[in-house]
Amino acid sequence: MKSRNIMIVESKKDSTGNLEKALKGLMYGVRVIGLRSSDIAEEVKAYMPDALIVDMTVNADRNVIAKVSLIQTELSVPVIYFTEAINSRTLYQTMKTNHYGYIYTPFDEGTLQTTIELALHKFRNDTSVKESELKYRELFNNMSSGVAIYDLIEFGSKYIFTDVNNAACTLLKRDRTDLVSRPMTAVYKNAKEYGFLEALRQVQETGQPLKNEKMYYEDDVIRGWFNSYLYRLPSGSIVHIFHNITDQLEAEKQLIAKQKELELVNIELAKAVAEETDKRRKNEQIIFEQSRFMAMGQMISAIAHQWRQPLSALGINIEDLEDAYNAGELDEQYIKELTVDSMALIKTISKTMDDLSSFFRSGQEEEIFSVFRVLGEVITLQSARMKNSGVSLAFSCFAGARNLHADENNIQQVLESNDFIRLRGVPAEFKQVIINILNNAVDAIIEKESGDGRVSLKVEEAGDRLNLYITDNGCGISGDIAERMFDPYFTTKAGGSGIGLYMSKVIVEEHMNGRLTAASMPVGTVMTISLPYL
């Protein structure tokens, strides 16, 4: 057991007899001071005993009783009075205080120890209760919700306020002194009309809690919507927990109104976005068609040169037919050779026309298409312009575990005999991208005027991506141009529209989920198309 210290306050020297000796025999620490001590409180602070035994054997001095009672309260030291059992005056004076027992003379050690231990035990319990009460009161007064406690008086005919917290005073717009002990109906003047009095009686009679999350009350002082919770304590008191939710309900109404406004705004915004998206799609389609027709204008100009040769040859064949007839050389063999030669020339022109017709078809349905087939059609259309411009074309492919290489002499043969690469998109759009890039490459070579124009088309597999690199040895691109070259209507060409590369980027990145980039090389430019590989 922890050693306990006792301080004895004697009215005069040795007035408590052998009390000190008896306490030490019971293993208590003991210190004795006299009532004449200059300041008993300071002595207690210095020693901090577990209990204070105050000698009242001579007389019950009110000043001494008041002083030690104050020490008990302020320093939390229980006071036990030492007195004679027959001293009725002492008993009368000390009974008015909140002391913790008496030690009567004469005493025995067993009774002495019991008295002290009971006093200490009771003091600990009282201290614990006081601490709990302080905590409860602190919590009670600082709750954000109002709390009021009602008790029935006058044989159960009237409810009065017995306690309220600070929040309740604020909500009821009254001071605590204006509420405690007042009849409930004097504060809630319309308690009966709004059903509050009936609710109290219901909880009182049934013992069942009652919760009302939205109750309106109004009188000349109190007005608003409240949430309310009533329950009965074992003592019979009714606890009322309540909170004014008027502002909350108003805020909810405003929130609902704002949400409806926001829904309307969102609907209008969605309509506007849909309209703008449709308008943008139509504009892109117009730009796409413009870009395609401009490219076609360039190709037709080049194809016109290409057609002159077969057309001239056909003209010669027709003239030769007349000469052979006049010379009597027109026989079956001559007609057969002339027919074969003329049909080959016509097929050359027809294939070019078919490729042009295919390019002009503007179907916009997405599908899985052959990359080699599309490249073959584009190269057929571009070959005349490239040849007339003195530009050579090289092709290579590193995909599908194959390495393919070709130049302008056998590129069509290589493309037609291989068909193992597929992409998803609109074939006509993809053709437009390749044509735009090839046209720019040829323009850059013509602008450089080097006389040795070269364009390289490389297809390369990179994981789940397919990269197409179109490289030229033209004039290249400067840094400021590279930053703006994909902007709509930006061009460095005289008479250019500035829509070809813009539409190419839109098609690759927005329609095909890919990426189109440009980079300057030591000689020329490389355009990279990166697309998801099927």
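When a residue number appears, it is its place in the shown sequence, counting from 1. From a predicted model like this one, the values you see are computed outputs, not experimental measurements.
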Between Met215 and Ser228, which heavy-atom pair has the shortest distance, and what is it? CE-CB, 4.3 Å

Between Asn410 and Ala406, is there a donor-acceptor pair closer than 3.5 Å when you use the side chain of the first and the backbone of the second? no

Nearest-0.5 Å distance that lies between atom CG in Leu466 and atom SG in Cys397: 7.5 Å

Check whether any side-chain heavy atom of Cys169 lies under 4.5 Å from a side-chain heavy atom of Leu179, and answer yes or no. yes

Please determine whether side chain to side chain contact (heavy atoms under 4.5 Å, CB included) holds for the pair Phe196 and Asn212, giving the CA-CA distance in whole Å, both sets of side-chain angles, and the decisive distance to 0.1 Å. CA-CA 11 Å; Phe196 184 46; Asn212 193 327; over 6 Å; no

Do the non-hydrogen side-chain atoms of Val459 and Phe398 ever get within less than 4.5 Å of each other? no

Contact summary for Ala518 and Ile477, nearest pair of heavy atoms: CB-CD1, 4.2 Å

Is there a ring-ring contact (aromatic ring centres under 6.0 Å, His included) between Phe226 and His240 once you walk through the steps? CA-CA 12 Å; Phe226 295 84; His240 181 204; 8.5 Å; no

Scan residues 186-199 for pairs that pass side-chain hydrogen bond (donor to acceptor under 3.5 Å, both in side chains), counting only residues two or more places apart or in two chains. Lys189-Asp220

What is the distance from atom NZ of Lys458 to atom OG1 of Thr471, rounded to the nearest 0.5 Å? 7.5 Å

Using a distance-only test with no angle check, is there a side-chain donor-acceptor pair under 3.5 angstrom linking Tyr229 and Asn227? no

Decide yes or no for His511 and Glu429: does some side-chain heavy atom of the first lie under 4.5 Å from some side-chain heavy atom of the second? yes

Spacing of Leu375 atom CG and Ile421 atom CD1 [to the nearest 0.5 Å]: 8.5 Å

Look at Glu263 together with Lys260 and state whether they make a salt bridge at an N to O cut-off of under 4.0 Å. no

What is the distance from atom CD1 of Ile445 to atom OG of Ser389, rounded to the nearest 0.5 Å? 8.5 Å

Would you call Leu501 and Met527 a side-chain contact if the rule is heavy atoms closer than 4.5 Å? yes

Would a 4.5 Å heavy-atom cut-off, applied to side chains only, mark Tyr150 and Phe161 as touching? yes

Please name all residues satisfying ring-ring contact (aromatic ring centres under 6.0 Å, His included) with Phe369, sequence neighbours left out, ordered by chain then number. Phe430

Sequence neighbours excluded, every pair satisfying salt bridge (charged side-chain N to carboxylate O under 4.0 Å, His left out) that has a member inside residues 200-213: Lys211-Glu213

Where Ala168 and Val164 come nearest, the two heavy atoms and their spacing: CB-CB, 4.1 Å

Do the side chains of Lys279 and Glu275 get close enough for a salt bridge, i.e. N-O under 4.0 angstrom? no

Which heavy-atom pair separates Arg422 from Ser370 by the least distance, and what is that distance? NH1-CB, 3.6 Å

Taking Arg176 as the fixed residue, which of Asp163, Asn166, Asn165 is the one that meets the side chain to side chain donor-acceptor pair (under 3.5 Å) rule? Asp163

Can you check whether Ile434 reaches Ile529 side chain to side chain, under 4.5 Å on heavy atoms? yes

At their closest point, which heavy atom of Arg424 faces which heavy atom of Met512, and how far apart are they? O-CE, 3.5 Å

Could you tell me the separation between the CD1 atom of Ile379 and the CG atom of Leu438, rounded to the nearest 0.5 Å? 7.5 Å

Please round to the nearest 0.5 Å and tell me the distance separating atom NZ of Lys173 and atom CD1 of Ile222. 8.0 Å

Partner set under ring-ring contact (aromatic ring centres under 6.0 Å, His included) for Phe420, not counting sequence neighbours: Phe372

Counting only N and O atoms by type, is there a donor-acceptor contact under 3.5 Å from the side chain of Asn436 to the main-chain atoms of Gln432? yes

So, the side chain of Ser396 versus the backbone of His405: is there a donor-acceptor pair under 3.5 Å, distance only? no

Ion pair present between Asp443 and Arg385, side-chain N to carboxylate O less than 4.0 angstrom? yes

side-chain hydrogen bond (donor to acceptor under 3.5 Å, both in side chains) partners of residues 516-534, not counting sequence neighbours, each pair once: Arg465-Ser530, Asn467-Ser530

For Glu447 versus Cys475, what's the shortest heavy-atom pair and its separation? OE1-SG, 3.6 Å

Check whether any side-chain heavy atom of Val426 lies under 4.5 Å from a side-chain heavy atom of Ile507, and answer yes or no. no

For residues 439-466, which residue pairs pass the ring-ring contact (aromatic ring centres under 6.0 Å, His included) check, not counting sequence neighbours? none

Given Leu393 and Gln382, is the side chain to side chain contact (heavy atoms under 4.5 Å, CB included) satisfied, shown in steps? CA-CA 10 Å; Leu393 177 65; Gln382 287 289 101; over 6 Å; no

Would you say CZ of Arg515 has more than 12 non-hydrogen atoms from neighbouring residues, nucleotides or ligands within 6.0 angstrom? no

Dump the intermediate steps for side chain to side chain donor-acceptor pair (under 3.5 Å) on Ser383 and Glu408, then the final yes or no. CA-CA 8 Å; Ser383 60; Glu408 64 260 23; over 6 Å; no

Given side chain to side chain contact (heavy atoms under 4.5 Å, CB included), test Gln204 with Tyr159 step by step and report yes or no. CA-CA 11 Å; Gln204 187 76 54; Tyr159 287 97; 3.3 Å; yes

Any donor and acceptor pair, going by atom type alone, linking the side chain of Lys505 with main-chain N or O of Leu516 inside 3.5 Å? yes

Tell me, do Arg174 and Val221 make a side-chain contact under 4.5 Å, heavy atoms counted? yes

Set out, in order, the CA-CA distance, both residues' side-chain angles and the distance that settles side chain to side chain contact (heavy atoms under 4.5 Å, CB included) for Leu262 and Lys258, then state yes or no. CA-CA 6 Å; Leu262 183 59; Lys258 292 294 183 184; over 6 Å; no

